[in-house]
Protein chains: 2
Amino acid sequence: MGELKLQMNMDEYLPLRDVVFNTLRQGILTGELEPGERLMEIHLADRLGVSRTPIREAIRMLELEGLVTMIPRKGAEVSRISRQDIRDVLEVRLALDSLATKLACKRITDDQKEELKRAAEEFVEATVSGDATVIAQADVKFHDVILAASHNKRLIQMVNNLAERIYRYRLEYIKDRANHARLIEEHAKIMNCVIKGDEGSACIAAEIHIVNQENNMLSQIEE
Amino acid sequence: MGELKLQMNMDEYLPLRDVVFNTLRQGILTGELEPGERLMEIHLADRLGVSRTPIREAIRMLELEGLVTMIPRKGAEVSRISRQDIRDVLEVRLALDSLATKLACKRITDDQKEELKRAAEEFVEATVSGDATVIAQADVKFHDVILAASHNKRLIQMVNNLAERIYRYRLEYIKDRANHARLIEEHAKIMNCVIKGDEGSACIAAEIHIVNQENNMLSQIEE
DNA sequence: ACCTTTATTATTGTATACAATACTTGAAAA
DNA sequence: TTTTCAAGTATTGTATACAATAATAAAGGT
């Protein structure tokens, strides 16, 4: 038992910088750490029970992810996201999600087709449950399957990075029951096109899906 | 005079981590640091005359840029780039460059149109000079103008990041005199379409331009 | 009362010290 | 001769110490 736990620790081993990175990242994405909030090293170090070194390294990583902004000799702060930033992200995401869908049509494996069907079903079930977190997870899962089916690692990484930035706004959209029927329909449409390998229709379906999300997010922002 | 120098130093101030980051980045891009080469902290620190701290932070940044790969408790090495990686990058780059061109058609300013004309001319002049570095710079400049004309910061950042990865292969392509005539022609075509605001034709021209580069790079890789 | 200047403090930037782990070399035994 | 074990070494991971700078507060002069 102790042996097993030790083994588990070995598998779970993460440098503290990565633990800190994940923690801060999560905090920023959930909004616990607000845009503009200063990230002071000693303060964070004390709170997380580590030294400044891993904190600093995590901040360097968050900086390159774009989640924090450095001000020289002043320190890091949670990046302020402007409406224009969101528009920029959505514009790129539309192109990349469309690409992912196109590639998925060509390259999806039989296993992934099954996985996609399952993901679509689970999304429907999730909407019934009504739990926002579950719904959001199911939606992410569905898109992840398509993304994975593109078999392009770089693309997967880039889309995930973009999705991260608009996570909170997407969540609002997905939570709203008024959108569920449409989401289910759009998922079904995309799924069928991808499984059939109909690139043209799949791209169009995916683009409609994204554009609908976009419009909602942009109107959220204009509040 | 001393005053002025002090002022300059203030402007030029960069944390050591950024100096190290740029140095290592340049080394990797030029091939001075070869793929698979280990990056040992003390060794680098001694060579660059700094302590391990800025070295480590620079490595964290390079890691997120994808230029180095971490092996837990083993350290960093220059990322090995597989043929598949290049294919993945090119696939995404095609989509993003096409998007950039499309957006440039809509948003390019009059100043940028002039700049684009100048960049195209300077590329022609550069090919006459025959200096590989000058040609490469002129080509980068041309594409940078179009990219800037997209007025999408995120897109600019992502394309630059992708371009970074294939820099060396692109250099080979651009250096080859046999390609110059075609490059000049393609640039002219793209430029005219963008200035006219003809999105459809501009995208097609840009895609042809990229595909030609792609084919060359991919055949380079298969050596 | 207000501005300026100076002292203090808080915070980042950098270097070093210590701890833990993985690799290497050499010797001893099979 | 080969294999295994162990000691030593090299290297990363983490913590702390020191230096430089910027923000703040207090004191003094006008």
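We name chains A, B, ... by the order of the sequence lines, and we start the count at 1 in each one.
Using a 4.0 Å cut-off between charged side-chain N and carboxylate O, Glu214(A) and Arg87(A) make no salt bridge. Salt bridge present: Lys141(A) and Glu115(A) bring a charged side-chain N and a carboxylate O closer than 4.0 Å. At a threshold of 4.0 Å, the pair Arg80(B)-Glu77(B) counts as salt-bridged, since one of the basic side-chain nitrogens sits closer than that to a carboxylate oxygen.
Between Leu16(B) atom CG and dT21(D) atom P there is a gap of 12 Å when expressed in whole angstrom units. The CZ atom of Arg52(B) sits 14 Å away from the C1' atom of dT16(D) (whole-angstrom rounding). The CD-P distance, from Glu41(B) to dT21(C), rounds to 17 Å in whole Å. Remark: C1' of dA20(C) and CZ of Arg73(B) are 7 Å apart, rounded to the nearest angstrom. Counting to the nearest Å, the P atom of dT16(C) and the CD1 atom of Ile42(B) are 12 Å from each other. For the pair Asp46(A) CG and dT16(D) P, the interatomic distance rounds to 10 Å; values are reported in whole Å. Atom CZ of Arg60(A) and atom C1' of dT14(C) are 12 Å apart (whole Å). Regarding Lys74(A), its NZ atom lies at a distance of 17 Å from the C1' atom of dA20(D), rounded to whole Å.
The 12-atom threshold is not exceeded at CD of Glu32(B), counting heavy atoms of other residues, nucleotides or ligands nearer than 6.0 Å.
The shortest distance between the side-chain N/O atoms of Arg56(A) and the OP1/OP2 oxygens of dG13(C) is below 4.0 Å. Taking only side-chain nitrogens and oxygens, Arg17(A) comes nearer than 4.0 Å to OP1 or OP2 of dG13(D). A close approach under 4.0 Å does not occur between any side-chain nitrogen or oxygen of Thr53(A) and OP1 or OP2 of dT14(D).
Using a 4.0 Å heavy-atom distance criterion, Ile59(A) is classed as making no nucleic acid contact.
Mapping Pro72(A) and Pro54(A) onto DNA chain D via the closest heavy atom, the residue that lands nearer the 5' end is Pro54(A). Positionally, the nearest nucleotide of DNA chain D for Leu39(B) lies more toward the 5' end than for the other of Arg38(A) and Leu39(B).
The nucleotide whose nearest atom lies closest to any side-chain atom of Met40(B) is, among dG13(C), dC18(C), dT11(D), dT11(D). When distances run from any side-chain atom of Ser51(B) to the nucleotides dT16(D), dA17(C), dT14(C), the shortest one goes to dT14(C).
The main-chain N or O of Asp131(B) is found under 3.5 Å from a side-chain atom of Ser129(B) such that the two form a donor-acceptor pair.
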